[in-house]
Amino acid sequence: MSEHERTFVMVKPDGVQRGLIGDIVSRFEDRGLKMVGGKFMQIDQELAEEHYGEHEDKPFFDGLVDFITSGPVFAMVWEGQDATRQVRNMMGETDPAESAPGTIRGDYGLDLGRNVIHGSDHEDEGANEREIELFFDEDELVDWDQIDSSWLYE
Ligand code: IDP
């Protein structure tokens, strides 16, 4: 399993408005994951529709696009062993109401349509790479060595 697996993560507009960026970043840092990209940005309609394209036939699609474009987001790329699945585990379930306390959605959310964070789906092969490419140019990602890596990985 590669220590260099990368995954796409985003604090959604509700998480930004509620001042949760710092806490969410801390959780991933504490876990040992390494941030290799990060940008505070406003998503436009086109990017929103592409990002959530798989849901375009769902009844909640228009509301989802309106929500994700309603204010700034903090988009990130995190790297580490099994990063995509581990981030999803830390996020909790899609519905905060079904998410265990201790997870991000379980600690900070109550409603399905306001679930604070996005992370690439580990069950959708290649979703992480596709989403990273959609949000980041190659030169916006930074290769760097974390000084504690020999204490994180055997
Ligand atoms: P995920 O974010 O946990 O990967 P997806 O099924 O990919 O979940 O759905 C994308 C987003 O769409 C969810 O995070 C949530 O904000 C929203 N969503 C999903 N299902 C519903 C729904 O039934 N009603 C309203 N919003 C929904």
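It should be emphasised that the depicted structure is a prediction, and the values quoted were computed from it without experimental measurement. No hydrogens, no waters, no symmetry mates; every other heavy atom, side chains included, goes into these values. Whatever order the structure lists ligands and atoms in, that order sets their numbers, starting from 1.
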Atom pairs and distances, donor-acceptor, side-chain atoms in residues 15-25, under 3.5 Å, two or more places apart:
| unit_1 | atom_1 | unit_2 | atom_2 | d |
| --- | --- | --- | --- | --- |
| Arg18 | NH1 | Tyr108 | O | 2.7 |
| Arg18 | NH2 | Tyr108 | O | 3.0 |
| Asp23 | OD1 | Tyr108 | OH | 3.2 |
| Asp23 | OD2 | Arg27 | NE | 2.9 |
| Asp23 | OD2 | Tyr108 | OH | 2.8 |

Test applied, side chain to side chain contact (heavy atoms under 4.5 Å, CB included); reference residue, Ile68; option that passes from Met10, Glu49, His51: Met10
From the list His118, Glu123, Glu125, side chain to side chain contact (heavy atoms under 4.5 Å, CB included) partner of Asp121 resolves to Glu123
Is a side-chain donor or acceptor of Asp95 paired with a backbone partner of Ala97 at a separation under 3.5 angstrom? yes
Lys/Arg-Asp/Glu bridge criterion (N-O < 4.0 Å) met for Asp14, Arg105: no
Going by the side chain to side chain donor-acceptor pair (under 3.5 Å) test, name the single residue among Glu131, Glu5, His122 that passes it with Thr84. Glu5
Could you please provide the protein residues found below 4.0 Å of ligand 1 on a heavy-atom basis, arranged by chain and number? Lys12, Tyr52, His55, Phe60, Leu64, Arg88, Thr94, Arg105, Leu112, Asn115
